[in-house]
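The block underneath contains the structure these notes are about, expressed in structure tokens.
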Amino acid sequence: MQNPAKHTTETASQQTLLDRVSAPADLRALSDPELTSLADEVRTEMVDAVSVTGGHLGAGLGVVELTVALHAVFNTPDDRLIWDVGHQAYPHKILTGRRDRIRTLRQGGGLSGFTKRSESEYDPFGAAHSSTSISAGLGMAVARDLAGKDNNVIAVIGDGSISAGMAYEAMNNAGANKSRLIVILNDNEMSIAPPVGALSKYLTRLVSSRRYLMARETGKKIVDILPPPLRHAAKRAEETARMAMGTGTLFEEMGFYYIGPVDGHNLDQLLSVLRNVRDSDHTGPVMIHVLTKKGYGYAPAESSADKMHGVSKFNVVTGEQSKGKSNAPSYTKVFAESLIEEAKRDDKIVAITAAMPSGTGLDLFGYEFPDRTFDVGIAEQHAVTFAAGLATEGYKPFVAIYSTFLQRAYDQIVHDVCIQNLPVRFAMDRAGLVGADGATHAGAFDIAYLACLPNMVLMAPADEAEMKHMVATAAAYNDGPIAFRYPRGEGVGMDMPAHGEILPIGKGRILRQGTDIAILSYGTRLQEALKAADMLEARGISATVADARFAKPLDAALIENLASTHHTLVTVEEGAQNGFGAIVLQHLANYGLLDSGKLKVRTMTLPDIFQDHDTQDRQYDEAGLAAAHIVHKLTAL
């Protein structure tokens, strides 16, 4: 008979530290050396999980030690922990009761690739757009003060995210407000340089200690009563000392107490500093500057140029990613190559991106034209007005920004571009549904939010060949702003023209002529419309299929022809309600084409919900925008 005691001992010995952690409270029972070992286990678990699901890898690897330290020191979820963007929060999810689902990341019905309030009480704020954490954290801190509570609020923001104006607006407000708020600047662009040596570590630990904070506050009160010359000299002496330590005068001037830099991969240092800050009586905002390395601890990521920021499924040993096989180029690549072709003929063409050169294809443009490529950082508002300034001087700026991120610059589009009718070209990548990135990155709203603006021209290619024509059209158009939207993923396999053709503004095309019903498509649902026409033909229903090409100006002649020669008209688009279909309906109503009651009109749009992450095909099936749904809509009439 087996000895039960021996079996229990063997089971316990096989259990890892991570197996003992079902919630952050379990971390607080571990010793500091055990926390160091736990961080290694979390890193291994994360690499293995992302190898199965794909997703964001490099950023999460860089914050493993920081994540372990934060949950070990602070009493989450009572203490609020906010991750800016949230794509680096996979280690956080592993430690907050979601390890058993971590291999469902970004899969249909699985965990989100970002923080999400409805997913866990440990996610106090949902995020996927950058630079929101300090604003949200300050709101939580003020709410805490109003309620008479004493919990901590911690916002973790990256050096890229802190480049955006919203972060500085929040810091300015936080410095003036004086609510207790801890901001951790996760700086993964700097290397762990000599300043983070033994002396610097000692000084950083010292200035974060309760004794030093109390002495500094007392010193400030004494300095305030000194005569002006002595007061000025004392202040200068402290600033000089802190600058010699490599610390942040800018943050001090904004009202933050600055601590750093701290080695973000040294748990002993992180734990000591975080505990000192937690236990201090300091009121007001604190900035802890933490230096990390993106991709840290996983050799293939460390050696990769982008530190394996976003990956498909990959081999854990080699880091080699599995790529889907497709003979068709991506829309992003077609845009980049078409723009390069136009720029070779026109030296006034310049390209602007907001920290997404590879995502928008402008890295390719930058190789060809480094002096005509501008990455302005995570600053979409600035990108648009910067482009407007270039346009006033006769240049032809192409602003390449994801549809979802362009929302952040809406006022600049209205005020700085459209009112002045400046010829700024907007290339909106990731239009429509985007798959695993989910609702936060879906480009659902640009048709509606741009079509209502005077002077704006809107286009959408039906395929990659049309994409090339629209880049050429935008390059040639100088009468005001013009925008074109295109989806994530590959084209449909069309033969590519040798050169882009300049399209007549506001003119669509008919691809298939029928007699009974008309399907008017805007964008890349055209292939589904053509499939639907084949399915209808098999049922004895003759369908015309038209490609609108332009949502604004609308091809009035085309629409009036379709309305007058068919008994049913349906519009199809990869956008939210009040977009292209609404524009068509308004035109039909205003010109009396609905008055007879003989024409049946239906609009097919994305549903009025925020759709969760899944594959693009499943998302469009859920949205009811596949060929079978078009057929069902029409046969129901």
Side-chain angles (χ1 to χ4, degrees), residues 53-55 104 106-110 112-113 128 312 324-326 328-332 334 402-404 428-448 459-464 466-467 484-494 511 519-536 543 545-549 551 570-582 584 602-636:
T53 65
T104 69
R106 296 159 53 88
Q107 314 298 303
S112 169
S312 55
K325 295 180 180 178
S326 174
S330 70
Y331 284 97
T332 301
V334 172
Y402 290 5
S403 168
T404 181
M428 298 178 291
D429 204 330
R430 289 359 184 230
L433 300 174
V434 294
D437 283 334
T440 57
H441 282 55
F445 310 112
D446 58 87
I447 305 172
M459 305 182 286
D463 53 53
E464 61 268 44
E466 285 287 292
M467 179 78 183
F484 50 98
R485 69 190 320 258
Y486 48 99
R488 178 180 192 167
E490 289 76 34
V492 298
M494 299 292 290
L511 287 89
I519 305 172
L520 179 58
S521 173
Y522 180 63
T524 55
R525 289 288 98 187
L526 180 66
Q527 297 304 312
E528 296 299 313
L530 290 167
K531 290 177 188 175
D534 289 336
M535 296 164 69
L536 290 165
V545 178
D547 174 18
R549 278 181 166 163
V570 62
T571 64
V572 185
E573 64 191 290
E574 299 159 314
Q577 296 178 8
N578 302 311
F580 176 70
V584 172
R602 298 293 185 270
T603 61
M604 298 185 70
T605 68
L606 294 178
D608 191 27
I609 60 171
F610 289 107
Q611 288 182 250
D612 280 336
H613 53 279
D614 207 327
T615 65
Q616 282 178 287
D617 286 344
R618 287 175 183 164
Q619 285 181 324
Y620 279 117
D621 187 62
E622 179 190 25
L625 288 178
H629 301 110
I630 299 173
V631 171
H632 178 74
K633 176 77 73 172
L634 289 166
T635 53

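Values reported hereafter were calculated over all heavy atoms of this structure, with side chains retained and with hydrogens, waters and symmetry mates removed.
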Shortest non-hydrogen contact from Ala533 toward Ile519: N-CD1, 4.5 Å

With no hydrogens and no angle check, is any side-chain donor or acceptor of His613 less than 3.5 Å from a backbone partner on Gly110? yes

Partners passing side-chain contact (heavy atoms from CB on, under 4.5 Å) against Ala626 (at least two apart in sequence or in another chain): Glu528, His629

Kindly write out the residues that satisfy ring pair (Phe, Tyr, Trp, His ring centres under 6.0 Å) with Phe580, not counting sequence neighbours, or none if the list is empty. Tyr522

For residues Glu490 and Pro329, determine if any side-chain heavy atom of one lies less than 4.5 Å from a side-chain heavy atom of the other. no

OG1 on Thr605 to CD on Glu573, rounded to 0.5 Å: 6.0 Å

Find the distance between CD1 (Ile630) and CG (Leu625) and round it off to the nearest 0.5 Å. 7.5 Å

In short, Gln577 meets Ala448 closest at the heavy-atom pair O-CB, 4.1 Å

Would you check, one step at a time, whether the test side-chain contact (heavy atoms from CB on, under 4.5 Å) holds for Leu536 with Thr635? CA-CA 8 Å; Leu536 290 165; Thr635 53; 3.9 Å; yes

Just by distance, with hydrogens left out, do Asp429 and Thr332 show a side-chain donor and acceptor under 3.5 Å apart? yes

Are the side chains of Phe484 and Met467 in touch, meaning some heavy atoms are under 4.5 Å apart? yes

Which pairs pass salt bridge (Lys or Arg N to Asp or Glu O under 4.0 Å) with one or both residues in residues 618-632, sequence neighbours excluded? Asp614-Arg618

Taking all atoms of both residues into account, what is the closest heavy-atom pair of Leu606 and Ala623, and its distance? CD2-CB, 4.0 Å

Measure the spacing between CE of Met459 and CE of Met428 and express it to the nearest 0.5 Å. 9.0 Å

Under 3.5 Å, side chain of Arg488 to main-chain N/O of Val434, donor-acceptor pair present? yes

What closest approach, in Å, do Pro461 and Arg485 show between heavy atoms, and which atom pair accounts for it? CD-O, 3.0 Å

Pairing residues for Arg549 by the side-chain hydrogen bond (donor to acceptor under 3.5 Å, both in side chains) criterion, not counting sequence neighbours: Glu466

Do the side chains of Thr440 and Thr404 get nearer than 4.5 Å, heavy atoms only? no

Report the residues that fulfil salt bridge (charged side-chain N to carboxylate O under 4.0 Å, His left out) with Glu574, sequence neighbours left out, ordered by chain and then residue number. Arg525

Can you find a heavy atom in the side chain of Leu433 that is under 4.5 Å from one in the side chain of Gln611? yes

All side-chain contact (heavy atoms from CB on, under 4.5 Å) counterparts of Ala436, not counting sequence neighbours: Arg106

Interatomic distance, Glu464 atom CD to Tyr331 atom OH [nearest 0.5 angstrom]: 5.5 Å

Reported OG-to-CD1 distance for the pair Ser403 and Ile447, which is rounded to 0.5 angstrom: 8.5 Å

If I take atom CG from residue Leu526 and atom CG from residue Leu520, how far apart are they, to the nearest 0.5 angstrom? 10.0 Å

